[in-house]
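Accompanying notes for the structure given below.
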Amino acid sequence: MSDLIHGLEAAKHRSRESCWVIVQGKVYDVTQYLDKHPGGSTILLQYGGKDATSIYEANHSEGTIEKHLPKEKHLGPVDPATVSTPKNPQVTRDLDKTPRIPLSHCMNLDDIEKAAERLVKHSAWVYFHSAADSLGALANNRDDWKKITLRPRIMRNVKRVNMQRTMFGQKSRLPFFIAPAARAGLVHEDGELCLARGAARAGIHYCPSTHSTIPHADLAKCAAEIRGSSEYGAQFFQLYVAHEKSLTLERIATARNNGYKALVITVDSPVVGKREEDERYRAELATASGDDSVLTEWYRPSTSEDGPPLRGHHSSELNWDDLPWIREAWGDAGPIALKGIQTAEDAALAVEYGIDVIYLSNHGGRQCDDAPSAIRTLLEIRKFYPNILGKAEIYLDGWVRRGADIIKALCLGANGVALGRPFMYGVSMGNEGVMKVIQLLSEEIETTLRCMGVASIDQLNPSYVNTKRLELELPDDLRFGASWADMIRSKL
Ligand code: HEM
Ligand SMILES: Cc1cc2nc3c(=O)[nH]c(=O)nc-3n(C[C@H](O)[C@H](O)[C@H](O)COP(=O)(O)O)c2cc1C
């Protein structure tokens with residue numbers, strides 16, 4: 001008798017009560033995984049009982065199922081004669097034919113991006129590159145840096161410059177760190193290990209995503225081995241609060257048990273943004289695979305009242321009242337940061353709630369369309385709640401692409417900055433790619449400091465920048481008639 005599972009048997013399991021999917025000729029029971037799946041339950045239900053190989057391969061790095069789905073849910077091979085397997089769909093693009101760009105020809109982070117585009121699979125490219133809706137927030141990130149100009153001073157001894165910074169209470173050789181970004185395994189088999197190695201070698205900090213393709217324990221071990229007794233460079237844990245509290249607590253425990261030095265809670269993602277470049281590619285892939293039905297079903301919201309909203313991969317209920325239980329679970333393991341603050345009011349609230357670190361970010365323009373750039377929010381804070389600068393550490397990210405951008409942020413009171421995409425593009429070129437990103441930025445900071453007549457980043461202050469253009473675009477007043485006390489009471 002054959003041990004193969006009949007395709008018709010698999011086809012019966014396509015509901016919340018029992019959901020199987022076929023991937024690379026094997027059948028998996030994902031019923032209990034539905035609400036844990038980072039890509040959401042809808043998509044798994046959509047493929048319930050069907051062959052999901054091509055769509056799975058476009059969205060996961062090798063070994064994802066083995067790592068995340070318990071063994072007993074691997075039901076066995078399907079009888080290939082009984083299941084219609086769509087041929088491997090192809091979506092071609094002109095760039096596939098253009099020559100590669102060697103790392104040695106990359107003179108800045110834009111070059112690294114171009115090199116990565118020619119190297120990585122299109123599915124990975126659209127995931128990394130995409131941003132939300134009309135790309136308004138992304139454009140704000142890019143354009144606002146140029147609205148600030150530097151004010152260099154001359155005739156100063158800058159033979160030696162100091163670029164070290166203590167961030168999140170941990171020493172770093174450079175004033176930037178690697179922002180959390182999921183799924184580095186899409187572009188390199190070592191995935192996030194390349195980032196952990198690069199950060200540890202350079203003595204800078206790294207904040208892996210909740211959805212790291214490499215287990216957090218392995219990342220911590222790798223960094224500890226490379227760092228040895230060096231005091232420079234630490235890892236922080238980025239937390240996505242899940243639908244289920246138990247899963248969130250599990251994630252926090254992982255962070256604590258593996259010695260992560262700070263908890264960075266992402267608060268700008270009650271739903272995943274509408275990233276059209278990414279979604280268009282998936283739609284094209286679906287058409288190419290002959291399964292058009294996905295186009296109408298793809299992002300259908302849950303029909304159940306209790307189910308997650310459209311694109312609701314993470315908790316959509318997270319609010320200020322959740323901070324006490326998160327803080328209790330994290331204990332005294334290090335500072336807590338809120339990542340994704342986009343207004344001065346929320347920065348003020350975070351301080352009210354005793355948050356140690358404010359991380360200004362619009363998620364690289366991937367969440368709310370037309371959201372402000374983080375550097376603009378920093379100016380808003382300076383204008384309306386300047387006291388915050390002494391009460392909490394402030395970090396920011398969003399299209400930081402030049403040493404000069406980093407210096408502008410430091411002048412305005414940021415303790416440091418972070419970068420997302422440039423490091424992911426770097427990973428596509430392995431350890432060397434990551435080191436190149438660090439080296440390019442380091443060189444640019446060093447050179448710009450000298451050109452500005454500044455011997456240490458600790459000497460930077462607002463007198464070194466002209467922010468007038470951006471300040472003209474700030475709101476005149478935040479209170480809109482309500483008193484601050486009222487706003488705090490109503491939690492804004
Ligand atoms: C069968 C077992 C599966 C497991 C264990 C699994 C696991 C995961 C994990 C861990 C991620 C987070 C990113 C990463 O680590 O790569 C992810 C993302 C994703 N998965 Fe799956 N997956 C499974 C099946 C599927 C299937 C069958 C589909 C499509 C039909 C799918 C679609 C997606 C999508 C679209 C994302 C991206 C979510 C985002 O970041 O926007 N997955 N999955
Ligand atoms: C591909 C990609 C994946 C990301 N994944 C996460 C994540 O898992 N958690 C998170 O808090 N932020 C995530 N982000 C946002 C980054 O942490 C960061 O805010 C953003 O990339 C900064 O903008 P930049 O890419 O222009 O540097 C991701 C960004 C990208 C581009």
Side-chain angles (χ1 to χ4, degrees), residues 38-39 59 61 109-110 112-113 116-117 120-121 123-132 135 137-145 176-188 191-192 195 205-214 216 219 236-242 251 255 262-273 275 277-278 281 313-315 318 337-342 357-368 371-375 377 395-402 405-406 409 414 416-428 437 441:
N59 284 289
S61 46
L109 301 194
D110 295 337
I112 298 269
E113 177 175 339
E117 184 176 13
V120 305
K121 279 207 244 156
S123 52
W125 173 255
V126 292
Y127 174 64
F128 291 173
H129 188 252
S130 60
L135 313 182
L138 186 80
N140 289 341
N141 289 355
R142 193 186 49 223
D143 299 345
D144 281 355
W145 288 112
F176 62 86
F177 64 95
I178 305 178
R183 303 164 69 196
L186 287 180
V187 288
H188 195 280
E192 287 80 1
L195 296 167
H205 303 326
Y206 171 34
C207 180
S209 160
T210 292
H211 298 312
S212 167
T213 45
I214 304 290
H216 290 90
L219 296 178
F236 315 136
F237 189 94
Q238 179 267 322
L239 177 73
Y240 273 130
V241 174
R251 288 174 180 167
L263 186 69
V264 177
I265 311 169
T266 297
V267 292
D268 60 11
S269 306
V271 292
V272 171
R275 301 167 193 164
E277 188 181 8
D278 202 1
Y281 173 72
H313 300 177
H314 319 296
S315 169
L318 175 67
L338 295 190
K339 171 175 186 282
I341 290 182
Q342 294 160 75
V357 176
I358 287 169
Y359 185 158
L360 306 173
S361 171
N362 63 23
H363 215 107
R366 292 158 74 81
Q367 287 296 112
C368 185
S373 67
I375 190 72
T377 309
Y395 297 94
L396 61 81
D397 69 23
W399 209 278
V400 174
R401 296 295 180 269
R402 290 285 180 180
D405 301 337
I406 299 176
V417 307
L419 295 89
R421 290 183 189 83
F423 279 110
M424 295 304 260
Y425 298 142
V427 173
S428 69
V437 173
L441 281 170

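The model shown is predicted, which means the values in this text are computed figures rather than measured ones. One-based numbering, in listed order, for ligands and for the atoms of each.
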Among all protein heavy atoms, pick out the one at the shortest distance from [atom]; state its residue, atom name and that distance to 0.1 Å.
| atom | answer |
| --- | --- |
| atom 11 (O) of ligand 2 | Thr266 OG1, 2.7 Å |
| atom 21 (O) of ligand 2 | Gly420 CA, 3.5 Å |
| atom 31 (C) of ligand 2 | Arg421 CG, 3.3 Å |
| atom 8 (O) of ligand 2 | Ser209 OG, 2.7 Å |
| atom 5 (N) of ligand 2 | Ala182 N, 3.1 Å |
| atom 18 (C) of ligand 2 | Asp397 OD2, 3.1 Å |
| atom 6 (C) of ligand 2 | Pro180 O, 3.3 Å |
| atom 9 (N) of ligand 2 | Tyr240 OH, 3.0 Å |

Separation of [Y] [atom2] from [X] [atom1] (nearest 0.5 Å):
| X | Y | atom1 | atom2 | result |
| --- | --- | --- | --- | --- |
| Tyr359 | Leu396 | OH | CG | 8.5 Å |
| Leu239 | Thr266 | CG | OG1 | 7.5 Å |
| Thr213 | Glu192 | OG1 | CD | 3.5 Å |

Give the atom numbers and elements of ligand 2 that come within less than 4.0 Å of a heavy atom of [X].
| X | answer |
| --- | --- |
| Phe128 | 1 (C), 31 (C) |
| Ala179 | 17 (O) |
| Gly364 | 19 (O), 20 (C), 22 (C), 23 (O) |
| Lys339 | 10 (C), 11 (O), 12 (N), 15 (C), 16 (C), 17 (O), 18 (C), 19 (O) |
| Leu419 | 27 (O) |
| Ser361 | 19 (O) |

Point to revise | ligand 2 to Arg366 polar contact by distance, N or O atoms, under 3.5 Å | key: no

Within the structure, is a non-hydrogen atom of [X] found at a distance of less than 4.0 Å from ligand 2?
| X | result |
| --- | --- |
| Gln238 | yes |
| Arg401 | yes |
| Met424 | no |

Exercise for review: Determine the sole option in Phe177, Phe176, Trp399 for which the side-chain contact (heavy atoms from CB on, under 4.5 Å) test with Leu419 is passed.
Suggested key: Phe176

**Study point:** Under the side-chain contact (heavy atoms from CB on, under 4.5 Å) test, residues paired with Val267 that sit two or more places apart
**Key:** Ile265, Leu318, Leu338

Side chain of [X], backbone of [Y]: donor and acceptor closer than 3.5 Å?
| X | Y | value |
| --- | --- | --- |
| Thr377 | Gln342 | yes |
| Arg366 | Arg275 | no |
| Arg251 | Val241 | no |
| Asp397 | Ser361 | no |

Review point. Between Tyr240 and His314, what is the ring plane arrangement, given parallel below 30°, perpendicular above 60°, and tilted in between?
Key: parallel

Point to revise | side-chain hydrogen bond (donor to acceptor under 3.5 Å, both in side chains) partner of Asp268, the single match among His363, Lys339, Gln367 | key: His363

